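Keep in mind that what you see is a predicted model, and the values were worked out from it rather than measured.
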Amino acid sequence: MKNRITEILGTAYPLILGPMRLITLGEMAAMVSKSGGFGQVAASGATKEILRSELKKARELTDRPIGVNIPVYRPNALEALEIAIEMGVQTITTSAGSPAKMMDRIKDAGLKVLHKVSSLEMGLKAQDAGVDGVIATGHEAGGHIGRDDTTTLILIPQLVDALEIPVVAAGGIGDARGLIAALALGAEGIEAGTRFLATRECSVPNFWKQSVVEAKGKATLVLGEKAMPVRVLRNKKALHVSDPDKAKEDARIMEAGDKDFIGPDDNAESSIIPAGQVAGLIREIKAVAEVFPRMVADAKVLSSKIYALFKEED
């Protein structure tokens, strides 16, 4: 699976662990990288000491490429970038803001960068800023999403047609079917986050994992309209935060801290659980190391069946 994305990442597969605040840390990133994908440590919510420690932990567990995701709007974004450089990271991803603010330092340090976008306009601006590729995040993705409501199915070909740099697909992808679909749309790789919530080694409480596995087709909703919209599982806590008055809902989202993501009763109904619509396709808890290799193996079988179908018609 060699292409422009594997060249940027230095990996066997063009498959990326989606960064999740205070969840995708050193151990999980290392396990993903050891399995052939690209593991990332999420800088969001991490102090400089924690970020440095988690990158050190990842490096002790594997010598394969490890990345860092840096939300540009965070006040410690430049500090996180310096730590990534100090710790020998070669490729980073950026999100939630203009990558132009950091590009001079990124290029001076010789780093590669993929920037997350949710619209064609954002993709064009990122390309103009000099990024090496974009991660196109459809509206069905979990956690913080863009303010546009364009789905992955539409967003990917729009970007592929307009950009010269490679595109990675994110949002709604959790198995081989999503991978094949993304490649068919012109993407050169995928990013998956929610699929990794339902893994044995993931650090979230067991009720989070079970909630993802038990999710149905309409199990998620989006909270917040202007203040960093976030897709979460539909439960009592999420419905309590939700409000027809979007100004009030935005205020509640802005006021929410990490404590709100684990409720006082430590259960699935009292916690805000970020997750994408793909949760409705996840039916088992796997080992982290299984996810991407299984996706690739299943994709090979599926692509052979598709090829055989068209061959028969010829």
Side-chain angles (χ1 to χ4, degrees), residues 1-20 24 28-40 62 64-65 67 114 135-138 140-142 151-153 155-157 160 166-202 209-217 219-220 275-313:
M1 296 186 71
K2 296 300 181 183
N3 60 19
R4 291 186 293 177
I5 292 300
T6 58
E7 289 178 6
I8 290 169
L9 302 177
T11 55
Y13 308 139
L15 312 179
I16 302 173
L17 168 65
M20 294 178 280
T24 53
M28 180 178 281
M31 285 188 284
V32 169
S33 291
K34 287 173 71 174
S35 74
F38 186 68
Q40 295 193 86
T62 183
R64 295 187 179 183
L114 302 175
I135 300 172
T137 306
E140 59 268 63
T151 64
T152 302
L153 185 67
L155 180 61
I156 300 306
V160 169
V167 176
V168 172
I173 302 170
D175 59 22
R177 294 170 295 181
L179 171 57
I180 290 293
L183 296 176
L185 293 171
E188 295 184 42
I190 63 97
E191 180 183 89
T194 301
R195 170 62 266 191
F196 285 94
L197 285 176
T199 54
R200 291 196 286 274
E201 299 89 347
C202 186
K209 303 177 186 183
Q210 202 58 39
S211 295
V212 171
V213 169
E214 294 174 359
K216 305 300 180 185
T220 69
Q277 290 182 342
V278 75
L281 299 178
I282 298 170
R283 289 291 169 261
E284 62 178 324
I285 295 173
K286 295 183 176 181
V288 167
E290 291 180 59
V291 175
F292 282 155
R294 173 50 53 190
M295 189 181 292
V296 171
D298 290 346
K300 289 179 180 179
V301 174
L302 180 56
S303 61
S304 295
K305 290 181 178 179
I306 295 172
Y307 174 75
L309 177 65
F310 284 97
K311 188 176 181 181
E312 287 175 8
E313 289 187 352

With sequence neighbours excluded, tell me which residues meet side-chain contact (heavy atoms from CB on, under 4.5 Å) with [X].
X: A176; answer: D298, A299
X: I306; answer: I180, L302, F310
X: E140; answer: T151, T152, Q277
X: A187; answer: I156, A169, A182

Could you tell me if the side chain of [Y] sits less than 4.5 Å from the side chain of [X], heavy atoms only?
X: P14; Y: N3; result: yes
X: T24; Y: Q40; result: no
X: M295; Y: Y13; result: no
X: L179; Y: L15; result: yes

Closest approach of [X] and [Y], non-hydrogen atoms and distance?
X: L155; Y: G138; answer: CD2-N, 4.2 Å
X: I285; Y: R200; answer: CG2-N, 3.6 Å
X: L17; Y: G39; answer: CB-CA, 4.1 Å
X: T11; Y: G37; answer: CG2-O, 3.4 Å
X: A136; Y: V167; answer: CB-CG1, 4.0 Å
X: A275; Y: T220; answer: O-CG2, 3.8 Å

Does K209 use its side chain to pair, donor to acceptor, with the backbone of C202 at less than 3.5 Å? yes
Taking S33 for its side chain and P65 for its backbone only, find out whether a donor-acceptor pair lies under 3.5 Å. yes
Contacts of type side-chain hydrogen bond (donor to acceptor under 3.5 Å, both in side chains), residue R283, not counting sequence neighbours: none
So L114 and L9, side chain to side chain contact (heavy atoms under 4.5 Å, CB included) or not? Walk me through it. CA-CA 10 Å; L114 302 175; L9 302 177; 4.1 Å; yes
Please collect all side-chain hydrogen bond (donor to acceptor under 3.5 Å, both in side chains) contacts where either partner lies in residues 176-199, sequence neighbours excluded, each pair once. R4-E188, K116-E191, D175-R177
Approximate separation, where rounding is to 0.5 Å, of K286 NZ and R294 CZ: 7.0 Å
K34 side, atom NZ; R64 side, atom CZ - distance, nearest 0.5 Å: 8.5 Å
Assess whether ring-ring contact (aromatic ring centres under 6.0 Å, His included) is satisfied between F196 and F292, documenting all intermediate values. CA-CA 10 Å; F196 285 94; F292 282 155; 5.1 Å; yes
For side chain to side chain contact (heavy atoms under 4.5 Å, CB included), just list the numbers for V278 and I173, CA-CA rounded to whole Å, side-chain angles, deciding distance to a tenth of an Å, and then say yes or no. CA-CA 6 Å; V278 75; I173 302 170; 5.9 Å; no
Greater than 12 external heavy atoms within 6.0 Å of K2's NZ: yes
